[in-house]
Structure formats: structure tokens, C-alpha cells
Amino acid sequence: MPKLAENYTEDTWLKLRDAVGAIQNSTSIKYNLEELYQAVENLCSYKVSPTLYKQLRQVCEDHVQLTESLDNLSFLKRMNRCWQDHCRQTIMIRSIFLFLDRTYVLQNSLLPSIWDTGLELFRTHIVSDSGVQKRTVDGILEQIELERNGETIDRSLLRSLLGMLSDLQVYRDSFEERFLIETNRLYAAEGQRLMQERDVPEYLHHVARRLEEENDRIMSYLDQSTQKPLINCVEKQLLGEHMTAILQKGLGTLLDENRVTELTLLYLLFSKVKGGLPTLLQFWRDYIKSFGGEIVCTPEKDKDMVQDLLDFKDKMDNVAQSCFARNEGFINAMKEAFETFINKRPNKPHVITLRAGNKEATEEELERILDKIMIIFRFIHGKDVFEAFYKKDLAKRLLVGKSASVDAEKSMLSKLKHECGAAFTSKLEGMFKDMELSKDIMIQFKQYIQNQSEPSNIELTVNILTMGYWPSYTPMEVHLPPEVSIFMFGCCSSDYLGKKELQVSLFQTLVLLMFNEGEEFSMEEIRTATGIEEGELRRTLQSLACGKARVLNKNPRGKDVEDGDRFNFNNDFKHKLFRIKINQIQMKETVEEQVSTTERVFQDRQYQIDAAVVRIMKMRKTLSHNLLVSELYNQLKFPVKPGDLKKRIESLIDRDYMERDKETPNQYHYVA
């Protein structure tokens with residue numbers, strides 16, 4: 001290079017070095033920036049780009065340094081100023097040496113750009129220094145801990161410093177690993193402590209608040225790459241490690257108290273944790289089985305069982321819909337749980353429709369109640385047991401006029417028919433036909449009586465029942481007075497005329513008519529005169545002497561009728577109504593009645609199993625035991641144990657309806 005060119009190059013570099021120094025020292029630059037830019041371009045044209053690049057790197061490297069301060073916060077602020085100054089200086093230097101950056105550096109792929117060189121120098125001489133790095137990370141972690149403890153910190157400072165670590169590509173190794181370790185330690189200890197100190201609703205809200213805070217930190221100053229491991233850490237330590245404890249301690253209370261907000265939060269939080277929803281589902285299922293089982297299996301709660309079941313089903317439906325996001329798994333688990341506990345007491349589901357009616361309810365309300373009842377009904381396995389008990393109780397309601405609504409009863413029959421088929425409800429429908437026919441006959445009978453020359457003073461109502469439709473009743477012989485016997489040919493109720501008109505049953509009529517012949521009678525005298533069975537007589541006298549309308553006086557007074565009691569007509573009887581209906585006290589269902597009804601159902605099942613086996617074998621001729629049992633399970637409408645099926649098959653073999661294969665004992669042949 002000519003001597004003149006060398007002098008120019010040297011002078012130009014000195015000028016550029018002075019400018020860089022001014023920038024680094026934050027003093028004014030003596031030269032115009034455009035002039036400096038042109039000087040760089042001129043130097044590059046003299047083919048001294050490699051030298052210029054090395055000299056610039058050396059000048060920048062010589063300047064990079066950090067003066068340490070005393071406390072962590074002051075150190076962080078000094079580090080941040082150093083970083084900000086370094087970035088600003090690097091940008092200005094690059095603008096002067098832009099021509100060098102876009103020509104020589106760009107053409108040499110192994111060389112870092114001027115900006116990257118600035119980052120590299122800062123990383124090498126400052127951040128990579130173990131002491132500086134430790135103080136920086138310690139200071140940042142200290143500030144985050146203070147914020148987690150409720151103190152206010154300078155978030156912009158942390159955002160700048162963490163951005164620096166990210167730009168220098170040391171964020172993960174120098175900061176994130178330590179940050180996650182400290183976070184894990186903090187929340188592990190916090191979870192253990194708060195699970196002991198707080199109740200479940202308060203704990204759930206705390207977890208939600210912590211998750212919200214950590215997400216806010218990510219948005220404010222942490223790198224986005226930290227989000228997943230950070231949130232996973234919080235969820236694991238505050239939720240994952242305590243799932244069973246949370247549910248054991250609080251799920252029952254949340255469900256009992258219908259805490260919709262907390263249940264929704266519980267589902268939301270558990271959905272974030274691995275295995276959370278399956279664990280919640282299992283506890284949910286167990287709760288329903290336990291709570292529902294207590295309703296069904298506690299005899300003391302039988303009176304309110306129906307309403308309790310309907311209320312419980314509504315409540316669980318609302319939880320599944322509102323709190324558990326209509327999760328199909330939870331809905332199916334609820335159905336499975338209801339099916340399990342409702343069938344724990346197989347001879348009791350018949351109560352489902354007895355007390356659901358409400359005479360004050362509108363037709364629309366009754367219809368809604370019946371729709372809910374049908375949902376419960378679908379869970380019942382032994383629908384034949386239900387049919388037997390329902391038939392017995394429906395008969396009682398129809399005969400004594402205790403049904404809340406005949407239309408509701410018929411609507412229920414329609415729903416049962418739709419659900420189970422016409423055969424299921426044929427006898428029940430026959431009972432209603434009998435009641436309607438009896439009503440028509442009684443209208444004709446009353447017209448006949450009124451047309452007689454001497455009309456009777458007794459108004460009589462009789463129900464004519466078809467034997468096959470109704471439950472069987474034990475015949476009871478009673479002694480009828482002449483004024484009644486001419487009319488009697490079935491179950492009836494009558495009106496006793498006088499100052500008041502009484503609507504009473506046959507047994508009540510027989511007792512009251514005795515007081516036309518005498519002033520006072522003992523219970524034994526009444527029993528001898530009427531022939532009414534002792535238990536029925538006690539309930540009859542109780543209805544006349546101990547109820548709301550006390551036509552008779554009992555001596556001594558009391559709610560129950562005892563052997564030595566005596567009765568006389570109540571001449572002081574008063575009532576605001578002229579026509580008074582005195583309800584007969586209904587005998588509660590006895591254990592013997594339940595057993596008898598259950599045994600009849602069991603016997604009917606034996607006949608159905610036998611008929612199904614013969615029907616299948618007649619069609620298939622030869623069948624293995626396993627295939628026969630499989631066919632039976634497909635055809636039978638009630639639950640049955642394999643052992644019971646085997647007994648019926650053995651019975652049919654003994655009666656020569658079928659036979660075993662001589663070589664293969666597990667194979668059967670139909671005997672024509």
C-alpha cells in the first residue's frame with residue numbers, strides 16, 4: 001500500500017477509535033456521523049476490512065467491565081444500567097460501522113455481526129463471570145420471593161435483566177433451572193403447611209390465586225419458555241401431591257353444602273393435573289353410592305325416600321352440568337352409582353311413586369315429578385319386583401281414594417307402558433277399568449234404589465274387582481245388620497245420615513250402627529257383634545275415636561286402642577262441614593307382607609326362567625351350557641345369578657324337558 005494510503009488509513013482509524021471511545025464514555029462525538037460512516041466505507045475500499053474488524057473488536061472488549069455494588073438490589077440496578085448502556089453503545093457503533101457489517105462480515109459466515117460481537121463480549125467478560133452471574137441470579141430470585149410474599153418490586157427491572165439473560169442465551173442454564181428448583185421447594189412446603197391449616201374451599205381458592213400470580217409473572221417478566229415447567233411445578237406441588245387428601249377432606253362437604261363455585265373450581269384445577277379427573281370421578285362415584293345408599297337402606301327414612309331421591313338426583317345433575325362441564329364420564333359414573341345403590345334394597349324401590357304426588361301441585365308440576373321418577377325407575381334392576389309392589393300399593397290408593405291425582409296415576413301408567421311394554425302394565429290398566437266400571441254401575445244402582453217405594457237412608461258405594469287384575473286379599477267374614485246386608489256384595493263405603501252426613505267404610509259403618517242399639521260398648525263386645533278381625537277393628541275404632549273427627553268417645557282417652565277400652569257415641573260432636581269423610585287408618589306394610597310379595601315375585605321368576613329355557617331349547621334343539629346361559633341373560637328382564645339358572649336347568653332335566661349329552665355333559669338336547 002502506498003505511503004499516502006497508509007497514513008490515511010491510520011488517521012482514519014484514530015478518528016473512528018476516538019468516536020467509539022466517546023460513545024462508550026457517553027461523551028460528545030467530535031465528528032459528524034455521516035462523515036464517520038463514509039470513513040468506514042473508504043477504509044473498506046482500501047481492503048483493510050479484516051484489520052478494521054479486529055481493531056473494533058479489541059476496542060469494544062477493552063471497554064466491557066462492571067463495577068460491583070454492595071447490596072443485591074443496587075447490584076441489579078447497576079447491572080441493568082451496564083446492560084442498557086452496552087446495548088445503546090453497540091447500536092451506535094454498529095450504525096457507524098454498518099458498511100463493514102454488511103460487506104466484509106456478511107461475506108464471512110464464521111464471523112459474528114457487530115451486534116452479536118457486542119453480545120458475545122458482554123456474555124464473556126461479565127455474565128459468564130461466576131461471581132457476577134451468581135449475584136445477578138441471586139438478586140433476581142430474591143426479588144421474586146419478595147413478590148410471592150406480597151411485597152411490591154420493580155418488575156421492569158426484572159423484565160430487562162431476564163431479557164438480557166435470554167438475549168445472551170444463558171437464561172435456561174443460569175436462571176431457569178435454579179428458579180424452578182426454588183419454586184418447587186417453596187410450593188412443596190406451602191402445600192404441606194396449608195393443607196393442615198386451611199379448609200378445602202379456602203385452599204382451592206389459594207391454589208387458583210397462586211396459579212394466576214405465576215401466569216402474571218410469565219406475562220410480566222419471565223420468558224415464555226418458562227411457562228409450562230413453572231405451572232406444572234405449581235400444579236404438582238399444590239394439587240398433584242394432595243389430590244386424595246383434598247377429596248377425602250372436602251369433597252363430601254362441598255357436595256353436601258352444594259358449593260357450586262368451589263366444585264366448579266375443584267373440577268377446573270383437577271383437570272390440569274395428571275390423573276386429576278379420574279381421581280375426582282372415583283370419589284364422586286363413591287360419594288353418590290354412599291349418600292344414596294343411606295337414603296335407600298335406612299328404614300327410618302322410608303317416608304321421605306322418594307322426595308329425597310328426587311332431590312338428590314336433581315342436585316347431582318346440577319353438579320354434573322354446572323360444575324363438571326357436562327363431562328360424559330362423570331354423567332355415566334353418576335348413572336352407574338345410582339343404579340348400584342338403588343338396587344341395594346331390591347324389595348324397596350316400589351315406594352318410588354307412592355308419595356311423589358302432591359294434591360296441591362299443578363298438572364305441569366306433577367308431570368315433571370313423574371318424568372323425574374321415571375329416571376329413577378330406569379335404574380331399578382328387578383322391575384318385576386317393582387310391578388308387584390306397585391300393583392299392591394296402587395290398589396290400596398284406588399280403593400280408599402288416597403291417590404293425589406287419577407290423571408297423574410294414568411300418566412305414570414303411560415310412562416311405564418312406554419318404558420317396559422304393554423305386558424308390564426296390562427293388569428294395572430285393568431284396575432283402572434274396574435274402578436271406572438264400578439262407578440258406572442253405582443250410578444245405575446243409586447237410580448234403582450231411588451225408584452223403590454221405600455228408598456234406603458244408607459248411601460252405598462261398592463267396587464267390583466276383576467280377580468286377575470288385583471292383589472289377592474284374605475277373605476274376612478263379618479256380621480252385617482239387616483239394614484246393611486241387603487246391599488252388601490263387595491268392598492264398600494257408606495254415608496250415615498243424621499244431623500251430619502258421614503262418609504265411612506264398611507267396617508266403620510258396622511261399628512257406628514251398633515250405637516243405634518246401645519249407649520256404650522267394650523272393644524270385645526264390638527268385635528263379637530261385628531265379627532271384624534282384631535287388628536282391623538283396632539284401626540277402625542282408632543279412626544272413629546282418636547282421629548280429627550271423633551264420632552265416638554274412648555275411655556280412657558289415648559291415641560291407641562287397648563283391650564279394656566270402652567266406647568260411647570259422642571253426642572257433642574261438632575264439625576263445620578255437613579258431609580264429613582272419616583278416613584280409615586291404613587295398616588302399614590308389614591315385614592310378612594313384604595316377604596310374601598317378594599316370594600310371589602321369586603316364584604313368578606322361576607316360571608319365566610323355565611319358559612325361557614324351554615323356548616330356547618325348542619328352537620335351537622342342541623346347545624352348550626354357556627350359550628344357553630348367554631341366551632337366557634339376553635331374554636330375561638330381571639337380574640338372576642348363574643347358580644339360579646343352573647338349578648332351573650337341572651329341574652327341567654329332571655322333568656324330562658331336556659337332557660344332557662352322554663359324551664359332553666355341558667351340552668343339552670331338547671326332548672320333544
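Comment: Lys236 engages Glu241 in a salt bridge, judged by a side-chain N to carboxylate O separation of less than 4.0 angstrom. Salt bridge Arg210/Glu213: present, at least one basic N to carboxylate O contact under 4.0 Å. Electrostatic pairing of Asp138 and Arg135 does not count as a salt bridge here, judged by no charged N lying under 4.0 Å from a carboxylate O. With respect to Asp371 and Lys415, a salt bridge is recorded, a charged nitrogen being found less than 4.0 Å from a carboxylate O. Look at Lys249 and Asp199 and you find no salt bridge, because none of the NZ, NE, NH1 or NH2 atoms lies under 4.0 Å from a carboxylate O. Taking 4.0 Å as the cut-off between side-chain N and carboxylate O, Arg123 and Glu120 do not count as a salt-bridged pair.
At a cut-off of 3.5 Å, with distance as the only test, no side-chain donor of Tyr171 or Ser225 sits close to an acceptor on the other residue. For His242 and Gln237, the side-chain atoms include no donor-acceptor pair closer than 3.5 Å. Side-chain polar atoms of Tyr221 and Glu147 form a donor-acceptor pair below 3.5 angstrom. Side-chain polar atoms of Gln282 and Asp286 form a donor-acceptor pair below 3.5 angstrom. Between the side chains of Asp317 and Gln321, no donor-acceptor pair is found at a separation under 3.5 Å. Using modelled atom types and a 3.5 Å distance limit, the side chains of Gln84 and Arg81 yield no donor-acceptor pair. Checking Tyr187 against Glu214 by side-chain atom types alone, a donor-acceptor pair falls below 3.5 Å. For the residue pair Gln133 / Ser174, no side-chain donor-acceptor distance below 3.5 Å is found, with atom types taken as modelled.
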* Phe179 and Leu222: CA distance, side-chain angles, deciding distance, side chain to side chain contact (heavy atoms under 4.5 Å, CB included) verdict -> CA-CA 10 Å; Phe179 171 68; Leu222 294 172; 3.8 Å; yes
* Full working for salt bridge (Lys or Arg N to Asp or Glu O under 4.0 Å) between Glu182 and Arg185 -> CA-CA 5 Å; Glu182 291 298 315; Arg185 178 193 57 77; 2.9 Å; yes
* Go through Leu211 and Glu235 one step at a time and tell me if the side chain to side chain contact (heavy atoms under 4.5 Å, CB included) criterion holds. => CA-CA 8 Å; Leu211 287 170; Glu235 291 171 349; 3.8 Å; yes
* To do: Starting from the C-alpha separation in whole Å, work towards a yes-or-no answer on side chain to side chain contact (heavy atoms under 4.5 Å, CB included) for Glu145 and Glu142.
  => CA-CA 5 Å; Glu145 184 176 0; Glu142 180 184 83; 5.7 Å; no
* To do: For Ile144 and Leu158, run side chain to side chain contact (heavy atoms under 4.5 Å, CB included): C-alpha distance rounded to whole Å, both residues' side-chain angles, the deciding distance at 0.1 Å, then the answer.
  => CA-CA 9 Å; Ile144 294 175; Leu158 296 193; 4.0 Å; yes
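For the atom pair Met219 CE and Gln224 CD, the distance stands at 6.5 Å (nearest 0.5 Å). Taking CG of Leu280 as the start and CG of Leu269 as the end, the distance is 10.5 Å to the nearest 0.5 Å. The distance from the OG1 atom of Thr340 to the CD1 atom of Ile288 is 10.0 Å, given to the nearest 0.5 Å. For the atom pair CH2 (Trp83) and CG (Leu161), the distance works out to 10.0 Å, reported to the nearest 0.5 Å. Atom-to-atom distance recorded for Ile153:CD1 and Arg148:CZ is 10.0 Å, nearest 0.5 angstrom. To the nearest 0.5 angstrom, Lys315 atom NZ is 14.5 Å from Leu310 atom CG.
No side-chain heavy atom of Asp154 sits less than 4.5 Å from a side-chain heavy atom of Leu73. Contact of the Val137 side chain with the Ile140 side chain is not registered, since no non-hydrogen atoms from C-beta on lie closer than 4.5 Å. The shortest side-chain heavy-atom distance between Arg78 and Cys82 falls under the 4.5 Å cut-off. Looking at heavy atoms from C-beta onward, Asp223 lies in side-chain contact with Thr226 at the 4.5 angstrom threshold. Within the 4.5 Å cutoff, the side chain of Asp308 has no heavy atoms near those of the Phe291 side chain. Looking only at side-chain heavy atoms (C-beta outward), Glu257 and Glu262 stay at 4.5 Å or farther from each other. No side-chain heavy atom of Val207 sits under 4.5 Å from any side-chain heavy atom of Leu194. Taking 4.5 Å as the limit, every side-chain heavy atom of Leu281 sits out of range of all side-chain heavy atoms of Phe324.
Ring centers of Tyr267 and Phe330: under 6.0 Å apart, within the cut-off. For an aromatic pair to be called close, the ring centres must be under 6.0 Å apart, and Phe379 with Phe341 fails this.
For Lys289, the NZ atom is densely surrounded, since the number of other residues' heavy atoms within 6.0 Å is greater than 12. Counting heavy-atom neighbours within 6.0 Å of His418 NE2, excluding the residue itself, gives a total of 12 or less. By the 6.0 Å contact criterion, CZ on Arg155 is enclosed, its count of non-hydrogen atoms from other residues, nucleotides or ligands being greater than 12. For Arg326, the CZ atom sits in a loose shell: 12 or fewer heavy atoms of surrounding residues, nucleotides or ligands are nearer than 6.0 Å. In the displayed structure, Arg198 atom CZ is contacted under 6.0 Å by more than 12 heavy atoms of other residues, nucleotides or ligands. More than 12 heavy-atom neighbours from other residues, nucleotides or ligands sit within 6.0 angstrom of CD on Glu197.
The two residues Leu645 and Leu632 have their closest heavy-atom pair at CD2-CD1, 4.0 Å. In terms of heavy-atom proximity, Thr264 sits nearest to Ser322 at OG1-O, 3.9 Å. What you find for Pro201 and Leu254 is that their closest heavy atoms are CG-CD2, 3.7 Å. Between Tyr203 and Leu238, the shortest heavy-atom distance links the atoms OH-O, 2.6 Å. Ile331 approaches Ala320 most closely through the heavy-atom pair CG1-CB, 4.1 Å. In this structure, Leu180 and Pro229 approach most closely via the heavy-atom pair CD1-CB, 3.7 Å.
Remark: side-chain polar atoms of Ser220 are not paired, donor with acceptor, to backbone N or O of Arg217 under 3.5 angstrom. Using modelled atom types, one side-chain atom of Thr90 and one backbone atom of His86 make a donor-acceptor pair closer than 3.5 Å. The closest donor-acceptor contact from the side chain of Asn108 to the backbone of Leu111 lies at 3.5 Å or more, if one exists at all. Distance alone, capped at 3.5 Å, is enough to place a donor-acceptor pair between the Asn343 side chain and the Glu339 backbone. Side-chain atoms of Asn232 come within 3.5 Å of backbone N or O of Lys228 as a donor-acceptor pair.
Among Asp173, Asp167, Leu168, the single residue meeting the side chain to side chain contact (heavy atoms under 4.5 Å, CB included) criterion with Val170 is Leu168.
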